[in-house]
Peer 1: 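Below: one structure in structure tokens.
Below, each value reflects all heavy atoms present in this structure, side chains not excepted, and no hydrogens, waters or symmetry copies.
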Amino acid sequence: MMTRIAVVIVAWLMLAPSRASACVRAELDALAVQWASAVVEARLVEVSERCEIRAVSVKAPKGADGQRGPDVTAVYWYRLYSFEVVSALDGPAKAKHRVEAIRFFGRVDDPGAGKTTGGARPAAPQAGAPCGAVTRGAVGKTFVLLLRPEQDFKMGRPPVWPDAKGDLREKEIHDLKGMTVVHAIATEGMDAGRLADLKKLIAQTRAAERNLPEAELKKHVAEIALSVDAERVERAETAVRAVGYRAVGALKSARDKAESSAEGTGRVLGLIAELSPPPISLEMGNVEE
């Protein structure tokens, strides 16, 4: 029996009208590698049936005439996409390991969509980053997947959701110990040069992460938060960007310290936003029904 690693792909943003898949990071760059804890080449071997998470209903707000329209309803679901690892480019996976991937979807039914009723209207679909076309029709095809544990990422609030907590992921989903796809590339047509460039990017990024000791990282973060010397701040920001996502914890600690200046806190907040992945969201519409 093949060794199985529960890897959960939840990093597709809300679907654009073209229905192109989306990933957390559009560019295959150092930041994409920093957000990933594993990079694998894997073949899609199976796709599960649709699994419903929750169906919800909310009341439409009152219109200008004081009357409420029909309730707005939504359903959210996921599918599992099973991959077999061909090779591991970075991280703990091994060839022949099984990778379980999950994508989250949603569909909204708003009967009063033709009326001006304000807040009941679901958010418009957002264009996501281009990504490998991982669909039910792609069984047998191979992809390069950049992955990170699913619980490391926040999740965006669904467009129709009755609870104060916007995250629709249930405990059972977290219990999969899964991963988020940061970036995915279909390997069909990929030449050896592009794969070599990716391996070089991984090596350079990991070396930069390792080459700055924790004490030095904290020193640079303190300079960003406290220093008034523009050149020192610029050097510190360059060093922190090279470390990337690993620096976010130290940056958050500096953010919460009272001695940081308003200007320094602004710089820290900017780097936290720059180096942190965005919340994962849903693919909306009649997608992968």
Peer 1: Between Arg267 and Glu234, is there a side-chain N and carboxylate O pair less than 4.0 Å apart?
Peer 2: no

Peer 1: Salt-bridged, Lys171 to Asp175, with N to O below 4.0 Å?
Peer 2: yes

Peer 1: Can any side-chain N or O of Arg157 pair as donor or acceptor with the backbone N or O of Trp161 at less than 3.5 Å?
Peer 2: yes

Peer 1: Could you verify whether a donor N or O on one side chain and an acceptor N or O on the other, from Arg103 and Tyr81, lie under 3.5 Å apart?
Peer 2: yes

Peer 1: Given 3.5 Å as the limit, does a donor-acceptor pair link the side chain of Thr187 with the main chain of Met190, or not?
Peer 2: no

Peer 1: Without swapping roles, check the side chain of Thr142 against the backbone of Arg43 for a donor-acceptor pair under 3.5 Å.
Peer 2: no

Peer 1: Can you tell me if CD on Glu52 sees more than 12 non-hydrogen neighbours from other groups inside 6.0 Å?
Peer 2: yes

Peer 1: Can you give me the closest heavy-atom contact between Ile224 and Ala236, atom names plus distance?
Peer 2: CG1-CB, 3.7 Å

Peer 1: Looking at Glu214 and Arg246, does any basic side-chain N land under 4.0 Å from a carboxylate oxygen?
Peer 2: yes

Peer 1: Answer yes or no: is there a donor N or O on one side and an acceptor on the other, between the side chain of Glu223 and the main chain of Lys218, under 3.5 Å?
Peer 2: no

Peer 1: Using a strict threshold of under 4.0 Å (side-chain N to carboxylate O), is an ion pair present between Arg54 and Asp163?
Peer 2: yes

Peer 1: Is it possible for you to check whether Arg50 lies under 6.0 Å from the centre of the six-membered ring of Trp77, through NZ or CZ, and within 45° of that ring's axis?
Peer 2: yes

Peer 1: Give me the atom names and distance for the closest heavy-atom approach of Val85 to Ala42.
Peer 2: CA-CB, 3.9 Å

Peer 1: Tell me if a side-chain donor or acceptor on Arg206 pairs with a main-chain N or O of Val33 at a distance below 3.5 Å.
Peer 2: yes

